[in-house]
Structure formats: structure tokens, C-alpha cells
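The structure under discussion appears below in the form of C-alpha cells.
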Amino acid sequence: MTMIDVDRHFAERRERHLAELMDFLRIPSISALSAHREDVRRAAAWLAERLRRAGLEHVEVEETGGHPVVTADWLHAPGAPTVLIYGHYDVQPVDPESLWTTPPFEPQIRDGRLYARGASDDKGQTFMHVLAVEAWLQETGRLPVNVKFLVEGEEEVGSRNLDAFVARHRERLAADVVVVSDTPMLAPGRPAVCYGLRGIASMEVRVQGPASDLHSGLFGGSVLNPIQALVGLLASLHAPDGRVAVPGFYDDVRPLTPEEREAFARLPFDEEEYRRRLGVPELFGEPGYTTLERVWARPTLEFNGISGGFQGEGGKTIVPSWASAKISCRLVPDQDPQRILDALERHLRERAPRAVQFTVERGQGSPASVVPLDHPAVRAAARVLEETYGRPADFIRMGGSIPVVPTFRERLGAPVVLLGFGLPDENFHAPNEFFTLENFDLGVRALARYWAALAQSMAGRSD
Ligand code: BES
Ligand code: MN
Ligand code: MN
């Protein structure tokens with residue numbers, strides 16, 4: 001099989017590729033905000049058009065009931081493995097916008113970094129896959145593997161409609177391996193294969209007190225203040241040492257093996273520098289675990305937001321009518337999202353004071369996932385990364401979630417290789433998101449090489 005000259009291919013086209021990515025990034029495809037519904041569709045259409053130009057076939061923008069998915073394929077490598085490439089073209093909201101140095105949807109390159117919402121998470125990384133496939137088709141007219149694309153527009157809102165889509169199109173999406181580029185590496189210059197993600201289970205709780213806000217002088221003291229009730233409930237969810245206090249929360253947690261703890265400890269990770277970067281006086285978390293263990297392999301319960309009462313300037317003497325909080329748990333292998341939400345809901349209901357109305361709205365859940373490190377697709381990824389970056393790849397886990405990843409495993413029976421080119425400091429979900437261009441350049445080369453390496457490593461396998 002020919003090995004294409006990836007360096008020359010990408011070097012010759014770099015300016016054009018970056019200009020195209022910037023066009024993609026200019027489309028404000030914020031999936032969470034209904035005002036951007038049409039922008040999300042425009043981003044899907046842009047991507048579909050770009051896939052067509054790259055030489056992909058059966059390119060479609062398909063309805064899901066929510067934001068559409070973009071699908072495409074190239075299936076002319078009989079006998080070679082089939083790869084499903086997954087990514088997301090939707091992005092997170094941009095607030096607080098005033099903290100962006102340049103506007104989130106006016107991409108700009110500064111100091112070798114491309115700044116824009118979605119630059120790294122995940123339009124930039126998804127676009128790299130289009131370029132890697134295009135490189136093969138332009139240079140040789142073929143690919144060493146069969147390729148299917150599935151790019152969704154709802155990842156940042158929990159992939160609500162994607163499970164059903166995957167279930168409906170199981171045959172069409174069937175693959176030997178799923179490849180996802182939507183995770184960070186551990187540090188600059190150190191390529192990584194990520195072999196595990198945490199799951200997620202979320203819920204919103206609301207405490208309703210008096211029918212409307214009350215003058216706190218006239219009525220204060222005669223009714224239970226909803227904020228007081230809410231914060232009491234929330235405070236009962238953790239022990240002071242940081243452990244989650246919900247009965248049953250840790251019951252199914254798969255413990256870390258001594259080997260994995262050793263492997264984590266060997267990774268270059270400086271807790272003090274991490275602390276400094278986060279700007280906290282001291283790190284805090286579940287006792288008995290290192291920081292990497294806490295964020296990669298231990299479950300958490302976090303408060304994501306809290307509202308209620310007067311938020312404006314100055315004071316306002318009221319007893320507010322209601323208070324609410326958004327809660328999400330990060331889950332690790334063997335925890336079941338529904339069981340966790342059951343345990344959490346039970347804990348809160350048992351403690352909810354009778355002087356207020358307490359309601360719960362359960363959000364979506366998705367379990368954690370880990371891939372076996374000895375799978376040939378994982379090994380091939382590590383080899384190609386080493387070749388491209390000139391140093392061995394780290395095997396890492398990550399604490400974030402990609403809700404459809406466990407679905408691929410379950411419905412398609414395929415391992416998911418997380419071949420991410422982001423960096424932890426690229427401001428995912430925050431102001432001034434950027435993508436480090438060094439990883440754009442090395443990443444497209446690694447991905448193009450990966451298709452040849454994968455075909456080789458899986459030759460003759462039937463599973
Ligand atoms: N790309 C991230 C997932 C991620 C982030 C993995 C960091 C590993 C490290 C993805 O776009 C994301 O943000 N997912 C959400 C999912 C949620 C909305 C259900 C997350 O993890 O919060
Ligand atoms: Mn992402
Ligand atoms: Mn994200």
C-alpha cells in the first residue's frame with residue numbers, strides 16, 4: 001500500500017486549510033441556545049459541503065428531532081477495517097463575552113494559536129479528520145480503510161437524540177473501530193491516547209416557597225425561606241472532607257487497580273503547577289486519591305449553578321418565592337446513571353422540609369467508558385503518535401464526558417479510540433478558547449498516517 005507524503009500534502013495546503021477552518025468557526029453553532037438554531041443548521045450544511053468536496057460519498061444532513069447529524073462515507077476498501085469517525089460541530093455558549101480578547105466567532109491567530117469558540121472543542125479536531133481523509137483521496141484516489149463519518153450537533157447539550165439515531169442506523173454505522181478526536185492530551189509535545197472517560201448524570205432541583213416574593217419585614221420569620229431550604233439540602237450532599245454523602249453513591253464504583261495507580265503516578269503531572277494555574281489557594285477533593293485519580297477515575301457530585309432571590313445591584317429585603325440548583329455527577333466505570341439519580345433524588349426527598357414544595361427534574365445520564373489498552377487499534381494509534389511527535393504517547397484517562405461513546409460500544413460493539421489533539425489549557429467552554437496550531441499540524445499528519453497503520457494492524461482480524 002502506498003504511504004502518501006503527508007508532510008508535503010499538508011505543508012502545501014496549510015494556509016487554505018486554516019482559512020477554511022476559520023470559515024467553519026465563524027458560524028455560531030451554539031446548540032444550547034434556541035436563537036442559534038439556524039446557525040447550527042448552517043454549520044451542518046457547511047460541513048456536509050466540505051465532506052463532499054473532500055471526496056466523501058452519501059453525504060447527508062439528517063434530522064434527529066433536535067439538531068441534525070451529518071453523515072458521509074467512503075466504502076471502497078474491501079477486506080480492510082471500517083472506521084466510524086465521530087465528532088461534534090456544535091459549540092458551547094460564549095458568556096461572559098466581555099472576557100474574550102477577540103470576539104468568539106471572529107477567529108484570529110495569535111502566537112501560534114487559533115482563537116475562537118469551537119477551535120479545539122470540537123470543530124477544529126473534527127475538521128482535521130476531513131482533511132486527513134481528503135489527503136488520501138487527493139493523493140491516491142483511495143483510502144486504506146473504509147470510512148464513515150457521524151458528526152452531531154447536540155454533544156454540548158448531552159446528545160439527546162443521538163442514541164436513538166445510532167440505534168435506528170446500526171447497520172449503516174457498523175464499524176470495527178470508532179475514532180474520536182475530542183479530548184486533550186496531557187501536556188504540550190506529549191501525544192496521548194485517551195482510554196477512558198467519565199460518565200455523567202444530571203438533575204435540577206427546585207424549591208418553591210410563597211407564591212410570590214414577600215417583603216421580608218412583613219413576612220420574614222413566618223415562612224421557610226426557599227434559599228435557606230435549598231442550601232441546607234445541597235449542603236447535605238457532601239461530607240466536610242469532600243466525599244459524597246449520598247448513601248449508595250460509591251457502591252458500584254470500580255476501584256483503581258494498583259497497576260493503574262502506578263501508571264498514573266508515572267505521568268508527568270505537577271500538582272503545584274496545576275494549583276497555580278487554576279488560581280486556588282489549595283487543591284481539594286476526595287481523601288486518599290491524587291489529583292489525576294480524582295479527576296479521571298473517581299466520581300464527583302458538583303453544583304453547576306444556583307439561582308433564586310434578588311441578584312441585582314444593591315439590596316432588596318425579600319423572602320424569595322423560589323430557589324433552584326443544577327447538579328451534575330461525573331461517573332466512573334460500573335456506576336449506573338439512573339441508579340445514581342435515584343439515590344440522589346431519594347436522599348433529597350427524604351430531607352426536603354415540609355414547609356416548601358420540592359421538585360426534581362432529571363436530566364440525561366450516560367455511563368463512563370474505558371477501552372482495553374491492548375486492542376490493536378489503540379496500539380496502532382500509539383505507534384503513529386510516536387512517529388509523528390517523536391516521543392512515546394501517554395496513555396491517559398480524562399474526566400470529561402462524551403455521552404455517545406458508551407453507546408457506540410453497546411450498540412455497535414466497537415472499541416472507541418480517543419485520539420485527541422487538544423490541550424488542557426485551551427479554555428474549553430470558557431472565554432478565549434483556542435487551538436494550538438502545532439497540534440493541528442501534527443494532528444492531521446498523525447490521522448492521515450493512522451489509516452494506513454490501522455489497516456495494517458487489523459489485517460486478518462475478524463472481530
Ligand atoms: N470534548 C468534551 C469532552 C471532554 C472534555 C473530554 C475534556 C475529556 C476532557 C465535550 O465536548 C464535552 O464538553 N462534554 C460535556 C458533555 C455534557 C454536556 C453531557 C461534558 O463533559 O461536560
Ligand atoms: Mn467536545
Ligand atoms: Mn465540550
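Bear in mind the structure is a predicted one, so any value in this text is a computation, not a measurement. Ligands are counted one by one from 1 in listed order, and the atoms in each one are counted from 1 as well.
Ion pairing between Arg172 and Glu62 holds under the 4.0 Å rule for side-chain N and carboxylate O.
A donor atom on one side chain and an acceptor atom on the other are found under 3.5 Å apart for Glu154 and Asn161. Tyr115 and Arg113 share a donor-acceptor pair across their side chains, judged by distance under 3.5 Å alone. Checked by atom type, the side-chain pair Glu155/Tyr89 shows no donor-acceptor distance below 3.5 Å. In this model, no donor atom of one side chain and acceptor atom of the other lie less than 3.5 Å apart for Asp90 and Ser29. If you check the side chains of Arg351 and His347, you find a donor sitting under 3.5 Å from an acceptor. Under the 3.5 Å distance criterion, with hydrogens and angles disregarded, a donor-acceptor pair is assigned to the side chains of His429 and Glu156. Side chains of Thr359 and Gln208: no donor on one and acceptor on the other come within 3.5 Å. Under the 3.5 Å distance criterion, with hydrogens and angles disregarded, no donor-acceptor pair is assigned to the side chains of Glu433 and Ser120. A donor-acceptor pair shorter than 3.5 Å cannot be found between the side chains of Tyr86 and Asp122. Between the side chains of Thr300 and Arg294, no donor-acceptor pair of N or O atoms lies under 3.5 Å. When only modelled atom types and interatomic distance are considered, Gln338 and Arg362 share a side-chain donor-acceptor pair under 3.5 Å.
Not a single heavy atom of Asp122 sits closer than 4.0 Å to an atom of ligand 1. Under a 4.0 angstrom heavy-atom cut-off, Arg330 registers as being in contact with ligand 1. Contact analysis puts His88 in contact with ligand 1, with a non-hydrogen atom separation below 4.0 angstrom.
Here the protein heavy atom with the shortest distance to atom 11 (O) of ligand 1 is Glu155 OE1, 2.7 Å. Ranking protein heavy atoms by distance to atom 17 (C) of ligand 1, first place goes to Ile200 CD1, 4.2 Å. In terms of protein heavy-atom proximity, atom 8 (C) of ligand 1 is closest to Met398 CB, 3.6 Å.
Residue-level proximity to ligand 1 for Glu426 is absent, since no heavy atom of it falls below 4.0 angstrom. If you look at Asp182 next to ligand 1, the close heavy atoms, those under 4.0 Å, come from the backbone and the side chain alike. Both the backbone and the side chain of Glu156 come within contact range of ligand 1, each with a heavy atom under 4.0 Å. If you look at Cys194 next to ligand 1, there are no close heavy atoms at all, none under 4.0 Å.
The residue from Ser328, Ser202, Ser401 that puts a heavy atom closest to atom 15 (C) of ligand 1 is Ser401. Residue nearest to atom 4 (C) of ligand 1, selected from Gly199, Gly400, Gly422: Gly400 (by heavy-atom distance). Atom 7 (C) of ligand 1 has its nearest heavy-atom neighbour, among Ala201, Ser120, Pro184, Gly158, in Pro184.
Geometrically, ligand 1 and His429 share a nitrogen or oxygen pair separated by less than 3.5 Å.
Listed by chain and number, the protein atoms of type N/O/S under 2.8 Å from the Mn ion (ligand 2) are His88 NE2, Asp121 OD1, Asp182 OD1, Asp182 OD2; waters are omitted.
Atoms of ligand 1 found under 4.0 Å from any heavy atom of Pro403, numbered from 1 in the order shown, are 19 (C).
Remark: Arg383 pairs with no residue by the salt bridge (Lys or Arg N to Asp or Glu O under 4.0 Å) rule, at least two apart or across chains.
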